[in-house]
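Okay, structure first, notes after.
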There are 2 protein chains.
Amino acid sequence: MDMKVTIIGAGNLATRVAVELHRKGVEICQVYSRTEASASMLAAKIGCPFVTRTELISDEAGLFIVAVNDKVLAELLPKINFSNKLVAHTAGSIDMDVLACCSANYGVFYPLQTFSKTREVDFQNIPICIEANTPENLQVLSTLANTVSTDVRVIDSQQRKSLHVAAVFACNFVNHMYAIASELVQKYGVPFDILKPLISETAEKVNELLPRDAQTGPAVRNDQNVIGFHMNMIDDPKWRELYRLISESIYKYQSGNEN
Amino acid sequence: MDMKVTIIGAGNLATRVAVELHRKGVEICQVYSRTEASASMLAAKIGCPFVTRTELISDEAGLFIVAVNDKVLAELLPKINFSNKLVAHTAGSIDMDVLACCSANYGVFYPLQTFSKTREVDFQNIPICIEANTPENLQVLSTLANTVSTDVRVIDSQQRKSLHVAAVFACNFVNHMYAIASELVQKYGVPFDILKPLISETAEKVNELLPRDAQTGPAVRNDQNVIGFHMNMIDDPKWRELYRLISESIYKYQSGNEN
């Protein structure tokens, strides 16, 4: 891809995207972050200049990828002169049209994955959800997305928002279930690693079965003996309440009494 | 292992354990289930006789593995003459001592994994939690467990119960989070498979990081904008309530305000 790209932001997501584009030969011409430490660290990784003041952002790029916190996005956009170049944000829950104020050409480049500072992720398999205000802009984002991933999908703003909520359940909430499980076993001197094969198998199962068909455990059988017994073993009242509510939700969902 | 084994029960767990022991050369001499269809199906898989009446259970075996529902276990035990042979149950939440009534030799053989009818599982990596009333009986169960798994652990009844509760969070509740996620995206015409890389990565992450260190998302940042926005997108009031409670629990846990 011939187009030069400027990266606005230097957090987890901005860093992973910039480094991956660079690795695949896309020219990153500038990095902006208001925090000098972050800006310089990312710029060093990909060997490009950085700026920390919006008025120094060059319009040399053909595409600006804005990967900043949702809160920062609205404040930041009016301060940048994009010269009507293509501008794409990376946010799950923000309408594409929020960019209409700052350029005639805009879209979304949303990689559906969880990124940590300390862990490399294979970009190839990450679904990249794209959307744009014109077919030409969609084509540009599609070409770019295809340089880093084999799974590029056109997803509108409403679908993307539903994906973001779903991702909170499938990732953030799942991780919290792991956290609670780790505390429950460690309390009795059992190391968390004993749960790892179960965690892997539970995740792998849904590659073959729909979650509805993969459900096991006392809740789906409505086994009140075990449920009551388990609740008595949970000291924390919030976690006990979670046990009760999730068990109820499983039983209702699986027995088809609602949803 | 020279000892003959009788399998009491023919459900998911009984079947997986019996088939795996048989595959590793352990002699299964009899299968019991009150349901003829289940008993005959399992017996056919491993080429051994079956019975459907407790009085026909032979005392030829040196070890009886009782893999039946928690509810059935208490009713069933007094009906069987174990001739003081070694008897082990496979239940997560039941004390080993429940077996003291029916034999002088008893223990627990608890594979920590989720078993489905339609999916093969690699037994090698499944942690098998064993416990017994004497060192000699523990040795027998250890030898047996080592024939099918490389991860055999001595776990007492209290630890095993905590593991069972933890497994409900790490497996059953996690699967329900996947189910909710699948419904949320399918409502907007997005196929569930788009979430699979995220689900895999979330599970793989905890091989490297503690769940506490792997947590991401709006709840840990206490981002009330996104949280409110997401809750408005969830039609089902129970799921909305789950979203709220799990988010609160994440924030409190991660910020160290409790636990």
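All heavy atoms count here, side chains included; hydrogens, waters and symmetry mates do not. Each chain gets a letter, A, B and so on, in the order its sequence line appears, and its residues count up from 1.
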* Do B:Lys187 and A:Ser162 have side-chain atoms, one donor and one acceptor, less than 3.5 Å apart? -> no
* Side-chain donor or acceptor of A:Gln113 paired with backbone N/O of B:Pro197 under 3.5 Å -> yes
* Asked: Between B:Ile180 and chain A, which part of the residue has a heavy atom less than 4.5 Å away: side chain, backbone, both or neither?
  -> side chain
* **Contacting region of A:Asp193 [heavy-atom separation from chain B under 4.5 Å]** => both
* Check whether any side-chain heavy atom of B:His164 lies under 4.5 Å from a side-chain heavy atom of A:Phe229, and answer yes or no. => no
* Which atoms of B:Ile234 approach chain A - backbone, side chain, both or neither, heavy atom under 4.5 Å -> side chain
* Toward chain A, the part of B:Tyr178 with a non-hydrogen atom under 4.5 Å -> both
* Among A:Ala167, A:Gly92, A:Ser200, A:Ala219, who wins on heavy-atom pairs under 4.5 Å with chain B? -> A:Ala167
* To do: Check whether any side-chain heavy atom of A:Val206 sits under 4.5 Å from a side-chain heavy atom of B:Ser182, and report yes or no.
  => no
* **Reference residue B:Tyr188; test side-chain contact (heavy atoms from CB on, under 4.5 Å); the match among A:Gln158, A:Lys161, A:Arg160** => A:Gln158
* Select, from A:Asn207, A:Asn225, A:Asp70, the one with the greatest count of heavy-atom pairs under 4.5 Å involving chain B. => A:Asn207
* Structure fact -> chain A shares the most heavy-atom pairs under 4.5 Å, among B:Thr114, B:Ile199, B:Asn69, with B:Thr114
* **Contact class of B:Val121 relative to chain A, heavy atoms under 4.5 angstrom** => side chain
* With a 4.5 angstrom heavy-atom cut-off, could you sort out which part of B:Val168 is near chain A: side chain, backbone, both or neither? => side chain
* Structure fact -> Comparing B:Leu184, B:Leu198, B:Ile126 against chain A, the one with the most heavy-atom pairs below 4.5 Å turns out to be B:Leu198
* Between CE of A:Met177 and CG of B:Asn172, what distance do you get to the nearest 0.5 Å? -> 12.0 Å
* Structure fact -> So NE2 of B:His176 and OH of A:Tyr251: to nearest 0.5 Å the spacing works out to 14.0 Å
* **Heavy-atom side-chain contact between B:Leu245 and A:Leu242 under 4.5 Å** => yes
* Report yes if the distance between the aromatic ring centroids of B:Phe173 and A:Tyr243 is under 6.0 Å, otherwise no. => yes
* To do: Can you tell which part of B:Asp122 gets under 4.5 Å to a heavy atom of chain A, answering side chain, backbone, both or neither?
  => neither
* For each of B:Arg153, B:Lys196, B:Met233, B:Glu208, tally heavy-atom pairs with chain A at distances under 4.5 Å, and name the one with the top tally. => B:Arg153
* Asked: What residue in A:Leu195, A:Asn125, A:Asp223 has the most heavy-atom pairs under 4.5 Å with chain B?
  -> A:Leu195
* Structure fact -> Given B:Met231, B:Arg221, B:Glu248, B:Gln159, the one with more heavy-atom pairs under 4.5 angstrom with chain A than any other is B:Gln159
* To do: Please indicate whether A:Arg34 has more than 12 foreign heavy atoms, meaning atoms of other residues, nucleotides or ligands, lying under 6.0 Å from its CZ.
  => no
* Please look at B:Val226 and chain A and tell me whether the side chain, the backbone, both or neither of the residue comes under 4.5 angstrom of a heavy atom of that chain. => side chain
* Asked: So which part of B:Glu204 gets closer than 4.5 Å to some heavy atom of chain A, the side chain, the backbone, both or neither?
  -> both
